[in-house]
Amino acid sequence: KTGPVTYSLAIMTAIAVQLGTVPGPFAQEVVTDNDSGVGARAMGMGGAQAAAVNDITAIIHNPAALAKIPRLEAQLGLDLWKRSIDTSLASSRGNGTVTSDTDFSGLGTLGIAYPVPTRQGSLVFAAAYNRVKDFTGRFRAEGYSDILKGNYTGESIEDGGLGLFSFAGAVDISPEVSLGASIDVWSGNYQRDNRQLLNDPDEPYSTLDINGADDTITGVSVKPAFLYTKDALRIGGFVRLPMTYHIEEKNYDEGYVRDDGDYFQLYEFIDPSSDFNDIDSRDKLTYKIKAPMQFGFGLAFGNPGSTILAFDVNYENWKQAKIEYPVDYAAEPNYFLDKYKTAVSWKIGIEQPLFHNSVIRAGYMRHPLTFKGPRSYDSGSPVITVDNERDFLTFGVGSQLDRTFRLDAGYAHGFWSSKESPRTDKERRNSLYVAITYRSPD
């Protein structure tokens with residue numbers, strides 16, 4: 001580190017790996033994950049709704065179940081959650097551990113279902129908005145880095161989310177079988193700001209990297225579904241057909257380095273035209289993510305007003321996904337094949353009636369992490385080892401307030417941990433879902 005100092009690509013990549021953010025397009029990782037959960041009743045039952053859903057959120061969980069809504073229905077749902085991440089950096093000089101907290105509150109569901117009068121059977125149309133993915137988060141890491149030979153401090157601040165504007169219909173084709181489908185318009189954005197600082201305690205050497213992205217994400221998907229009902233048994237399923245996310249990204253990267261005896265600070269303002277600046281790039285990029293099919297299947301046992309048990313399984317093979325970059329961009333043709341794995345989600349839920357038109361609910365959900373890494377193709381780059389998959393324990397209550405209004409609340413506690421040497425992350429998420437539903441009187 002003597003003589004003229006340059007901010008090399010190797011240093012930039014090594015610093016980024018410490019925080020888990022290699023510069024480049026960002027949206028491919030967030031769109032595959034970060035499902036926020038939909039519906040207060042659903043989340044009280046662990047999300048097991050492919051067969052058990054009985055309200056407007058069927059537009060997400062199983063559009064065919066809309067056929068079982070007997071009267072005009074409207075629902076307003078709010079989501080609130082808090083996210084905590086404990087991050088440890090292992091080194092020869094001891095482990096550095098820091099906790100990052102983030103919270104969010106906002107609209108979760110707004111929808112309406114209208115049953116068309118029929119002589120027999122059922123025909124129902126619905127429209128709704130649901131927030132299905134949350135990107136809001138804060139992540140920090142601090143400690144000595146044996147790889148970088150210095151004291152490392154990094155912070156990543158994320159914001160945004162994805163919502164679905166859905167239009168759906170369902171019809172009974174027999175007393176036992178209902179068919180339905182939804183057209184979902186995906187729309188949202190994702191912003192990420194990374195600041196990564198390295199100060200060498202043994203030499204007057206300091207680097208500061210500031211990079212991030214501002215993405216606009218859109219897409220359209222189609223989801224056909226079915227529901228079979230026989231006495232106390234319900235069997236439901238859906239297929240979200242292959243879809244394409246369209247990403248418009250603005251990204252930036254600023255790299256600063258000095259060896260004059262002074263050290264940078266994480267949020268120090270530096271003139272981009274200063275002698276310290278070795279990298280100052282701005283870029284715009286438009287690309288596509290071709291997502292695979294998603295399959296969902298569920299069973300439910302129990303009649304309305306009695307105990308209901310529900311079980312769901314969802315399957316997605318993200319190894320089949322593809323990224324399409326512009327022809328002049330250095331693409332990674334096997335990005336998903338090399339860095340992702342298939343995901344099988346399990347959901348179990350129960351609803352138990354109480355007194356005064358009230359119910360309690362409980363459930364469990366496992367939603368595996370799909371990204372396995374490594375983030376870089378450089379030799380020796382660490383893979384991601386999952387110590388504990390993403391598990392959620394859920395609880396809920398519901399009450400029929402009068403002939404037309406119902407109030408539901410669901411709570412989910414999620415916890416998981418993973419290691420990306422030398423970094424270990426332990427995350428907890430506590431979410432609250434509240435919904436008020438109006439159903440027209442008989």
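Defined by atom type and a distance below 3.5 Å, a donor-acceptor pair is present between the side-chain atoms of N194 and N211. No side-chain N or O of N251 forms a donor-acceptor pair with one of D253 less than 3.5 Å apart. Side-chain contact check for Q75 and T437: at least one donor-acceptor pair (N or O, by modelled atom type) lies under 3.5 Å. Checking S345 against H367 by side-chain atom types alone, a donor-acceptor pair falls below 3.5 Å. At a cut-off of 3.5 Å, with distance as the only test, no side-chain donor of E248 or T286 sits close to an acceptor on the other residue. Remark: the N95 side chain and the T97 side chain contain no N/O donor-acceptor pair separated by less than 3.5 Å.
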request  = Test salt bridge (Lys or Arg N to Asp or Glu O under 4.0 Å) on R361 and D408 and set out the steps.
outcome  = CA-CA 10 Å; R361 306 178 180 109; D408 292 286; 2.9 Å; yes

request  = Apply side-chain contact (heavy atoms from CB on, under 4.5 Å) to Y335 and Y340, showing your working.
outcome  = CA-CA 8 Å; Y335 178 85; Y340 280 76; 3.5 Å; yes

message = Set out, in order, the CA-CA distance, both residues' side-chain angles and the distance that settles side-chain contact (heavy atoms from CB on, under 4.5 Å) for D86 and T424, then state yes or no.
response = CA-CA 8 Å; D86 298 331; T424 299; over 6 Å; no

side-chain contact (heavy atoms from CB on, under 4.5 Å) evaluation trace for L309 with F311 = CA-CA 7 Å; L309 298 174; F311 171 79; over 6 Å; no

key: Worked verdict on E254 versus R282 for side-chain contact (heavy atoms from CB on, under 4.5 Å)   = CA-CA 9 Å; E254 301 173 19; R282 301 288 187 275; 2.6 Å; yes

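Atom NZ of K319 has more than 12 heavy atoms from other residues, nucleotides or ligands within 6.0 Å. Annotation for L110: atom CG counts as buried by contact number, over 12 foreign heavy atoms lying within 6.0 Å. At most 12 non-hydrogen atoms from other residues, nucleotides or ligands lie less than 6.0 angstrom from NZ of K419.
Atom CZ of F371 sits about 9.5 Å away from atom CZ of F336, to the nearest 0.5 Å. Taken from CD1 in I112 to CD1 in I59, the straight-line distance is 11.0 Å, to the nearest 0.5 Å. Expressed to the nearest 0.5 Å, how far CD1 of I217 lies from NE2 of H246 amounts to 12.0 Å. Rounded to the nearest 0.5 Å, atoms OG (S431) and CZ (F104) are 10.5 Å apart. The CZ atom of F226 lies 11.0 Å from the OH atom of Y228; values are rounded to the nearest 0.5 Å. Here the straight-line distance linking atom CG of N130 with atom CG of D184 works out to 9.0 Å at 0.5 Å rounding.
T87 has its side chain within reach of R423: a pair of non-hydrogen atoms, C-beta onward, lies under 4.5 Å apart. With a 4.5 Å cut-off on side-chain heavy atoms, D79 and T109 do not count as touching. At a threshold of 4.5 Å between non-hydrogen side-chain atoms, the residues I60 and S166 count as touching. A 4.5 Å side-chain heavy-atom check between R439 and I69 finds at least one atom pair inside the cut-off. With a 4.5 Å cut-off on side-chain heavy atoms, E389 and L369 count as touching. Using a 4.5 Å cut-off on side-chain heavy atoms (C-beta onward), L162 and F135 make contact. Residues S399 and L401 meet the side-chain proximity criterion, which asks for heavy atoms closer than 4.5 Å. Here the side chains of L164 and W186 are in contact, with some heavy-atom distance below 4.5 Å.
Ring orientation note: the planes of Y256 and F264 are nearly perpendicular, at an angle over 60° on the 30°/60° scale.
A salt bridge does not link D215 with R192: every distance from a Lys NZ or Arg NE/NH1/NH2 to an Asp or Glu carboxylate oxygen is 4.0 Å or more. For E351 and R41, the salt-bridge test passes: some basic side-chain N is under 4.0 Å from an acidic carboxylate O. Salt-bridge check for D202 with R93: passed, with a basic side-chain N closer than 4.0 Å to an acidic carboxylate O. Comment: R83 does not engage D134 in a salt bridge, judged by the lack of any side-chain N to carboxylate O separation of less than 4.0 angstrom. No salt bridge links K372 with E420; every basic N to acidic carboxylate O contact stays at or beyond 4.0 Å. Ionic pairing of E316 and R240 is present here: one or more N-O contacts between side-chain nitrogen and carboxylate oxygen are shorter than 4.0 angstrom.
The salt bridge (Lys or Arg N to Asp or Glu O under 4.0 Å) analysis of residues 286-309, with sequence neighbours excluded, yields the pairs K290-E324.
Within the 3.5 Å criterion, the main-chain N or O of P374 finds a donor-acceptor partner in the side chain of K339. Proximity of a side-chain donor or acceptor of T102 to a complementary backbone N or O of R138 within less than 3.5 Å is detected. The closest donor-acceptor contact from the side chain of D387 to the backbone of S417 lies at 3.5 Å or more, if one exists at all. In this structure a side-chain-to-backbone donor-acceptor pair under 3.5 Å is present from H61 to V38. The backbone N or O of E155 lies less than 3.5 Å from no partner atom in the side chain of R195, so there is not a single donor-acceptor pair. The backbone N or O of D200 sits nowhere less than 3.5 Å from a side-chain atom of K149 that would complete a donor-acceptor pair. Side-chain N or O atoms of D214 include none that pairs as donor or acceptor with a backbone N or O of K250 at under 3.5 Å. Checked by atom type and distance alone, the side chain of T394 pairs as donor or acceptor with a backbone atom of M43 at under 3.5 Å. Here the side chain of S36 pairs a donor or acceptor atom with the backbone of V132 at under 3.5 angstrom. When atom types are taken as modelled, the side chain of E73 and the backbone of I56 share a donor-acceptor pair closer than 3.5 angstrom.
Across A291 and Y245, no two heavy atoms sit closer than the pair CB-CE1, 3.9 Å. L227 and G236 get closest at one heavy-atom pair: CD1-CA, 4.0 Å. Listed here is the closest heavy atom pair of G150 and P201: CA-CD, 4.0 Å. The two atoms that bring L208 and Q265 nearest to each other are CD2-O, 3.8 Å, heavy atoms only. Closest heavy-atom contact between L197 and S206: CD1-OG, 4.2 Å. Across R131 and G160, no two heavy atoms sit closer than the pair NH2-O, 3.0 Å.
Among W416, Y364, W346, Y411, the single residue meeting the ring pair (Phe, Tyr, Trp, His ring centres under 6.0 Å) criterion with F392 is W416.
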